> 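Supplied in structure tokens, the structure appears directly below.
Every value quoted in this text rests on a predicted model; they were computed, and no experiment measured them. Atoms within a ligand are numbered from 1 in the order they appear, just like the ligands themselves. Along the sequence shown, residues are numbered consecutively beginning with 1.
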Amino acid sequence: MKTDRKVDSLSYVLQRRRNSRHITIRVRPDGLVKVSAPYGVSVAAIERVITNNKAKLLSTIDAQRSALHTYREGETFLFAGTTLTLKLVSSEKNAIAVTDTHLLVTYAEAEPQSLVVCTLIKELFRQHVKQRLAYWVPYWANRLSLDVPPYGVRDARSRWGSCSAKGRLSFSLRSQILDDEQFSYLVLHEMAHLVHFNHSAQFHALLGEQMPSYKEIQKSVFALQKESQLCL
Ligand SMILES: [Zn+2]
């Protein structure tokens, strides 16, 4: 159960969880505060925790928001491991193209709208991730002697990829910022979950066998978590 609440001028979303034993507070990349707590804990107790941590929370929200793209001319975006500069040009229709150095967006409105630019960039990223997956999923299926699983691209903010209990893989369109080595690792990681549905020692042994330098690559992917956010 989720509810929107406010304490001491700070908005947050409260999620009650049956299986959690602690109060956890998380600030999403867009600055939204999410609190999860067991059913037994009173709202007063939860809000005491929030109030006691308010200064720290406010500075985290600030840091998260300042790292977000504003979709203005000249902003830079990572794209398959290279840095591209956003160029906005007035035209008859909204469209996007990639050059060696730029993300070129044309806009039909009087002024470029951040939401329109963001949506175009996300769509572009989604298409490129699809193309890259069409290469890397069969590649790793072959290496791991697996059938090619069903997979898709989602606008996920916190996860790079996931593997469902039914064996369907999902990848975030944010993963378009990754270079080929990082992208390949991401696909290997999710494909390896079709063999070991956990992060056990066997799972890591499989990653190490297939990609000896996977630990450093994994670290470099985690380091891009903030940079990869495309939400407004
Ligand atoms: Zn995993």
> Return the name of the atom in H189, of element N, O or S, nearest to the Zn ion (ligand 1).
NE2
> Out of curiosity, L88 CG to L103 CG, how far, rounded to the nearest 0.5 Å?
10.0 Å
> Quick check on the Zn ion (ligand 1): does C163 put an N/O/S atom closer than 2.8 Å to it?
no
> Where the Zn ion (ligand 1) is the centre, what is the NE2-to-NE2 angle for H199 and H193, rounded to 10°?
100°
> Does a sphere of radius 6.0 Å around NZ in K54 hold more than 12 heavy atoms from other residues, nucleotides or ligands, not counting ones at 6.0 Å or beyond?
yes
> Enumerate, atom names and distances included, each donor-acceptor pair closer than 3.5 Å involving a side-chain atom of residues 144-159, sequence neighbours excluded.
residue, atom, partner, partner atom, Å
D155, OD2, K122, NZ, 2.8
R157, NH1, D30, OD2, 2.7

> Mind jotting down which residue pairs meet the side-chain hydrogen bond (donor to acceptor under 3.5 Å, both in side chains) criterion with at least one end in residues 181-191? Sequence neighbours excluded, please.
W140-S184, Q182-S220, Y185-H189, Y185-Q218, H189-H193, H189-H199
